[in-house]
Each structure stands twice: as structure tokens, then as C-alpha cells.
Amino acid sequence: MVPDHTIMSEDEVRTLLAHYNITTEQLPKIFHDDPAVKAINAKVDDVIRVVRISHTAGRAESYRLVIRRPKK
Amino acid sequence: MPSPKRIGKIEFGLLSPKEIREMSVRKIIWADTYDDDGFPYPQGLMDLNLGVIDPGLRCKTCDQKASECPGHFGHIELAKPVIHVGYTRLIRKLLRVSCRACGRLLLSLDELEKVFGTEDDLTGDQVSEKDIKKERICPHCGEQQLKINFEKPTTFSEVLVEEGKKVEHKLTPADIRARLEKIPDEDLVPLGINPKVARPEWTVLTVLPVPPVTMRPSIILENGQRSEDDLTHKLVDIIRINQRFKENQDAGAPQLIIEDLWELLQYHVTTYLDNEVAGCPPARHRSGRPLKTLSQRLKGKDGRFRGSLSGKRVNFSARTVISPDPNISVTEVGVPRAIANEMTIPVHVTPYNIDELKQMARNGPSRQTVNAPCGANYVIRPDNRRLRLADGNLDTVTDMIEPGWTVERQLRDGDVVLFNRQPSLHRMSIMAHRVKVVEGRTFRLNPAVCPPYNADFDGDEMNLHIPQTEEARAEAYILISVEENILSPRFGGPIIGGIHDHVSGIFMLTHGMRYFTKEEMLYLLRFTKIEHLPQKVKEENGVELWSNKQVFSQILPSELNMVFHASSCQNCETCKKELCERDAYVRIFDGKLESGTIDKKAIGAFDGQIVNRIIRQYGMRRAAEFIDDLTKLSIRAIMLDGFSFGIDDEDLSKTEYGQIEDVLKNATLDVERRIKIYEDGQLEPMPGRTVEETLEMQIMQVLGKARDLTGQIAGRHLGLTNSAVVMAVSGARGSMLNLTQMAGCIGQQSVRGERIVRGYDDRTLPHFRKGDRGSDAHGFIKHSYKGGLNPTEFFFHAIGGREGLVDTAVRTSQSGYLQRRMINALQDLKVAYDGTVRTTGGRIIQFQYGEDGTDPTKSAFGDPVDVKGIVESILKEEV
Ligand SMILES: [Mg+2]
Ligand SMILES: [Zn+2]
Ligand SMILES: [Zn+2]
Ligand SMILES: [Zn+2]
């Protein structure tokens, strides 16, 4: 049910940012206290690769930057 | 162009009394506006320091004229503080979470850390009212706290317990302000307040800003009297009361009078800020109309945000009722002459078009017939002066026209215009059409473009917009013309196609084998551009005959090859193909219809297999031509035979009525038998169901089957000679169920998918015995619409019908709200050149559009490639 989350290495992140010509700020975000983030023990500023089963493409990769959840 | 800047942060704060006084250019003390000579009073509400609105005067602050001075704020010193209505909830929260004696937050350091977290702890939330127990003791100074009551709109009180009785003690705004002042800066941070920009005591006003006169201009009525803006009226009230309050205070008036005046001042300031507060009678004009004060200027549909900023009214638009015209192209729109004469397009005069434009100017503004050449309404000189063309000055003005001038010519055939019907739910709700000037008072449109607009002709109105520049016209035509929008991005198929009579007509034309004489052929095909009739198929008694399939083939492109099953296909186990007795196996070979019936599946909006294939093979423009030909051919085809429906089309013969009665009688008996089994306790419940549920399901099943059976009996009698059957089979409108209900039996009425059970004790109506579980006591209608319902049946029918109406109403309002939210969230996203979906700031939303990068418009009903269609079109065989 829960899509596969993995922490990306620094090298991988560099290639990713170069490929899309972006900074980490332009990546989609995920809160540091998200259960999926806690499960893989990722820290703020890590980039996570999410692999989902997709209706259209079969398998779809997406990347998220871990950020601190702002106080409500 | 300035380079785009990124917004670092936005700060929300309160104006402090100091800031209000600093930005003020004048202290206002007089409630009067103008003196007898019409000159503003100094230190009055229209003081010349606050800006000028009267032409001729100069602003005393910035020395600019009326149109240039932006206006400047003044201020009123209030005799006593009053509460700002907009912050009552914040004030209530602050009073409840802070100590009444020392002003500290009512949490010990440990408790605070538990809720708010520490600096480097990432979790934690802001402190809310719920985190603090009621009537506790202050952890800092040990003061017993009291319950704070709040009464709308602006009254706060403390609850004291004296001698076992509860006594309410009112807090004045001054008391409240004093308590808010005591809250230390560092205790505000956990509450989500930045004390640098918003000290809580600033929510209680001691000084009131007076807005510049430019945002509350007075207007001069026809009789020369001045009429002041609502805001000015309200400010007059505030100053009057404030003045009286001060006088009474200085004179040492009794406490009771002071309290009354204080409350009155609070009322005026409250209604000045918001005239629609709960628990507060709105301030009214002398005429009885409620005043439009500050909050009312911003709120609601006509407010500043929704009315003036997100939505604006536009020029160069027209609106009228729509009506159908199958003889104009789907790409055209019929525009009434009256509208075409009024609306204009500016054309620059050059040496190349000067003769043409001069002729238009000479034609003037009153075009008399739709075929007359268009005229012009205005000419614009190079210095931007507009000259109106009228019957008297046509020649004089025309002779002055030179290159460099602009002529505003009237609308004429072929102009590109935008056509729109609300609600604009998808992009096909606004499409570019070509103008065709027509007589009459309504816009005309080809019925085949009704589906994208979701239009019908029961009084619908539509809007027309005229692009005013070459660029706008080119953009409209290339991007949003009807031809470009035949395919819908919603499902990747054609959304424009035959509807209603187009489908019935083409069905009747192409069904089975028919032969036409030369006259009939010419009647059917008169609109086409064909030069020769095709080869006749046979000759009978010296009369040349052509087949119906040949007629349809005339409008098909010549290299079209496809095989598919029509709407009327019953999905038989083994398809008999060309020998199908329903003629549902459609086969087109090199642009010739070899077999099969053309119906909704082939040419209908939303389905349109043939339309879809023509788009893929020949492009949108050819498809638009095909739809035009199709609408004309089908209308001629339906007129050849005639098509109508009357009450006697629902008649059956005696045999069928007898059979239907038998079926229904047996069903009723079967239901009674099952109820008997249940009542005897013999009924075996289905797994996971109670006995009652099992019985209900069985009854529903028996009655449903009986209804279907009556439909089959009726269907046996009603063949393709019946118009309703033709419409149902071809997919034009209605279904066999509708026919069943008209001729056979209406069947079970339901509420939430169950038989009707509501009503009185153990029964639906007093006409039945208590506990009756029979079919007719719970909404089974055994009559048909033709036969007529009995009173209880009629009542059950109304119950079932009402549920449908409520469902539709609820659904539309819910989906409308969802739509607005979605559009607001998604409106600025775009697909970048690298295939990512990004916001305007370059932030990525999707790494690949739709995860597979496929444009749904260009997909084949959702799939990236239509493999089957391509193979079939090359092999010319079904695969
Ligand atoms: Mg309508
Ligand atoms: Zn000024
Ligand atoms: Zn205290
Ligand atoms: Zn079939």
C-alpha cells in the first residue's frame, strides 16, 4: 500500500538537481514527521525517492525534500 | 520589463496608536464637512489636508490637483478606548490564557515545553485556549483565575462567585486594554503573535484613523445637493458621540451616563468597521437602507476581491438567447444584425486598405440587410480623437481619412469571435467561431456544438466577445477555434458530433438495405460538393436506384478503412459480422460503407468512432467538414421519412396487455408466497444478511424481473417502426427502459436503493394494513405511464421523483464548489519544455506530466497509442 521511500545519496541528489536544473527548494516537500519519513529515518534536508505504481506509466518516480513541519 | 522578484516573507501586524498618529496629516475634531459656501471645514471630515476631490482645489498636504493626489490619512482621538470588532476572538483567547493579575501565560515552563516544544525540538504546536484548564491558579503569582464570558458583539465579563451565587462583572475596554498591556512579549511568541508588529493592546483602539476623502468621495446630486459617502456618515456619528463623551467626562457626569455614551461610541465604531456583525443592529441610512461600511466594501460577490479584482466587466461583448441552425457550419455562429452593427473591430488605415475602409466609413453605421457590406461606427484620428459616424457626416468624415487613422468597422461574415456559455467548466466552454450575420434576435449555433457548451435551446443565453487586435484574433483562431477543440482532453475522444435527430436520421438512412430514386438521391445530397452521382446499383422497371449505404459513403473521405460494432450491437457470443440481423457490424472499406448501421457509436458526440478516425487520419479541419456534412445529411434523411411520436405509439395489442397482466399477477403472488415463507419463519437468510434483508432483496428481485419481462413483451410488439425504439436503439435519446415504463410497467419506486418504508407506524400510507409487506404497499407501480397511476402509486412516484431532484441539486452545488477549489489550486501550473509540471516560481509539481507525459487530448480514449485502430486501418480487416 505505502509506496517505496528511499533516501537518495548526495551524488544522486546532485544529478537529479542538475537534470531538472533546479535547487532543492523547487522539489516537492514532505514533513519530517511523516510516518514514511520516520520509517526510513530520514532527516531534514534529505531528499527521498518515492516509487509508485502508476495508472498511466506503470511505475512512476518522484522526489521529495524533507522539511521541518511548521507549528500550527 | 522589471525582472521577477521572489517574495521572501509576508508580515501581518496591527497598526499601533503611534503609527496611526504618525501617518496622520491632521487631527479631525469637527463632524461637519462643508460650510455654506461649499468649502471644506478645517479639521472637519473633508479637510483639505486629507486630499481633494473637487476639481480646481489643491491638496494642502501634497499640493497636487484632484486627479493626482492619492489622499492622506487623518485621525480621531477617542475619548475612551473601544474594542475593534475584528479582533474579539483574539481578545477572548488572550484574556483566557493570561493571568488576570500578572499578565503571564497561564502555563508553567514545563507545561509550556510540553505543548510548544523547545527551540531545537521540531514538534510542538502553538498554545491554544484548550491547553489551559479553566479557572486555574496562576503558576507564576498564585492568583485565582476567573471565567471570562464573551457576549457578541463586543462585551466581555468576568464571573465572580459571591456567597455561592454567580455574579457577572463587566470589563470595560479600558480594563481589557490594561490587562492586554500586562502580557509580556516573550509570552506572546508561543501564542503565534510577533510582539514587534502586533502588541495585543493595539486591538483596543485609542485613536481611529480617518481614511482619505479620495476613498469616500461625496457626490453632487442633480438638485445641487451634496450626498456624502456611507463611510463619511459613519465618521460623522463617531465624531459627534466622541465630542459629547468628552464634554460629559470633563463636566464630571454621573457614571451611568458615561457608560451609556461609552457603549454608544463602541456601537458606532463597531458598525463603522463592520455593519453585519452578529448581535448588533446594523446602522441604517435615513431611507432605511443599511450602510455599506468598511467590511462590506471588501466582502461578498460584489466586494473588492470577488467583484473588482478577480472579476471585471468587459467591453466588446454581447449576450442573447441561442437557437439552433443545422445549416450553418459548426465553426460558425449566427450573429443578429443588430449586434453585428453595434460591435466593431478597429482597423488601421494603410495605403493598401484605404479604399476599402473609406467605403466602409461611407456605408455608415446602419447596415440594412445581412448581405449588405459592413459599415463603420467610429473613425479615430492619429491624435486619438474619436469621430462618430452618423448619417449626416459620412462623406465629410470619410474624405478626411488618411493612412495613420483607424476605422472601427462593424462585424461581418468570417470575423473571428469568442463564444461562451456559463458555467465555464472546461476549456471548450469558450471557443472561437466565425461570424455569420443573420436576421432575428438570437445567436444561432449548429446543434452539433451543443455538447461542449452543454447548451440546449430552452432559453439558454450565451456571450460573444470580439478580439480587438490582430494578435488576439490569430491566437483565438489558432488555439481555441471549434476545429481545434473537437477532441476533448477529458477522455481523448471527440466531444463534438451528432446529437438527437442527427443520430436518429443517420440511423434511419443507413439501417438495413434501402434504395433511392434519382430524385431522392438529389434531395439527400444537394448540399454536398459532389459533381456526379455514384454508379447506380440496380434498375427496377426502368427506374435507376441507388443504395442507402452509397448515400452515406458520399460524405466519407476516400481512404477511410475501419471495422467496428454499432450501438445497437448486442455483443452476441459469435458475431455474425456482415450477416448480423441487426445490421450492427459496421465495415468501411476505402471510404465506402459496406455494411452496418451508422449511429451514436459512429458519429455521436462523446463516441464518434468515425469522427475520431477522420481526425487521426486527416486532421481536425476535415473532421469539422465531415460533421457539417453529417448534420445536413442526417437532417435531410430524417425529413425524407418524417419522424414523430404520439400517445398511440405506446399502444400494445390485447394479447400483450393480457401477457403483461399475467406477468404482474404472478409476480405479486410470488411476493406474497415469499412473505408467507418469511412469516412462517421458514426463510433461509443469505450469508451476512438478516432474514428481513433477505426477504427485501428477494422481493426487489422478483419485481425487477417482472418489470423487465413486461418491457420485453412490449418490445416484441414495438419494432423499428416506432420512433421511440429507433431513438433507443440508435442511441439518440432514451432507452428501452423508458419505453418499458411508458407501455409496460413503471416498476419499483425506491428511496436510497430500498423499497419505500417511511410514513406512518408500520405502514407507508393509511390505505394499507399495518405490517403489510406486499408489493403495492411499498411503492411498486404496476401500471404504465400510458395506462395511468392510481392514487397510492402516484404518491410513491412523487417520493421516488423527489429523491432524484434532491440528488441533482446537492450534486451540482457540491461539484461547483469542488471545481472552484481545484481551479484556484491549479490555475497557474504549466507543463515546462522538459515535460515537468511547474508553478510560476519553477517549483516542480510532477516530474513528468501525468506520469507518462501523454497529452490526453491526443491520446486514443486515454491510451497513448491506438494500436488496434492503426493495424485495422492498414490491414482493412478486424483484428
Ligand atoms: Mg437550458
Ligand atoms: Zn494630497
Ligand atoms: Zn499571575
Ligand atoms: Zn454484433
Side-chain angles (χ1 to χ4, degrees), chain A residues 1-9 12-72, chain B residues 6-10 112-131 188-194 489 491-492 829 831-856 858-865:
Chain A
M1 277 295 274
V2 180
D4 185 37
H5 289 63
T6 44
I7 303 175
M8 290 172 76
S9 73
E12 285 175 312
V13 173
R14 233 189 325 275
T15 346
L16 175 77
L17 298 185
H19 181 259
Y20 289 106
N21 190 23
I22 50 169
T23 60
T24 50
E25 265 309 294
Q26 285 161 289
L27 285 171
K29 311 289 190 300
I30 189 166
F31 286 149
H32 73 278
D33 59 348
D34 189 294
V37 173
K38 286 198 230 162
I40 57 168
N41 202 22
K43 297 280 168 285
V44 169
D45 291 340
D46 281 347
V47 177
I48 290 177
R49 175 189 287 111
V50 185
V51 180
R52 292 196 190 83
I53 295 165
S54 159
H55 279 294
T56 50
R59 192 192 105 107
E61 259 185 38
S62 152
Y63 315 93
R64 282 172 184 272
L65 174 71
V66 180
I67 56 160
R68 201 181 152 135
R69 184 170 68 82
K71 298 196 172 180
K72 275 187 292 230
Chain B
R6 192 173 292 276
I7 297 171
K9 65 172 182 179
I10 302 175
L112 180 64
E113 203 163 288
K114 219 180 263 169
V115 181
F116 188 63
T118 52
E119 254 321 286
D120 33 59
D121 181 16
L122 301 178
T123 52
D125 290 313
Q126 274 162 18
V127 175
S128 76
E129 267 176 74
K130 287 182 204 100
D131 297 317
L188 289 171
V189 179
L191 293 163
I193 297 170
N194 176 2
F491 48 86
L829 303 186
V831 181
Y833 284 115
D834 64 357
T836 56
V837 180
R838 299 193 186 212
T839 64
T840 47
R843 279 175 42 217
I844 294 182
I845 302 295
Q846 271 184 353
F847 287 88
Q848 176 97 57
Y849 172 74
E851 293 179 341
D852 64 349
T854 303
D855 176 356
K858 294 188 175 125
S859 71
F861 289 96
D863 293 325
V865 185

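To find a chain, count down the sequence lines: A is the first, B the second, and so on, and within it residues start at 1. These figures come from a predicted structure and were not determined experimentally.
In this structure, CD1 on B/Ile844 lies 6.5 Å from CG on A/Leu27, to the nearest 0.5 angstrom. In this structure, OG in A/Ser62 is found 12.0 Å from CD in B/Gln848, a value given to the nearest 0.5 Å.
Comparing A/Gly58, A/Ala60, A/Pro28 by heavy-atom pairs within less than 4.5 Å of chain B, the highest count is held by A/Pro28.
Looking only at side-chain heavy atoms (C-beta outward), A/Tyr20 and B/Arg838 come within less than 4.5 Å of each other.
A 6.0 Å sphere centred on CD of A/Glu25 holds no more than 12 heavy atoms belonging to other residues, nucleotides or ligands. Other residues, nucleotides and ligands place more than 12 heavy atoms under 6.0 Å from the NZ atom of A/Lys29. Within a 6.0 Å radius of CG in A/Asn21, no more than 12 heavy atoms belonging to other residues, nucleotides or ligands are found. Counted within 6.0 Å of CZ on A/Arg49, heavy atoms from surrounding residues, nucleotides or ligands total more than 12; the atom is thus considered enclosed.
Both the backbone and the side chain of A/Ala57 come within contact range of chain B, judged by heavy atoms closer than 4.5 Å.
Judged by distance alone, with hydrogens and angles left aside, the side-chain atoms of A/Thr56 form no donor-acceptor pair with the main-chain N or O of B/Glu851 at under 3.5 Å. Between the A/Gln26 side chain and the B/Gly842 main chain, a donor and an acceptor come within less than 3.5 Å of each other.
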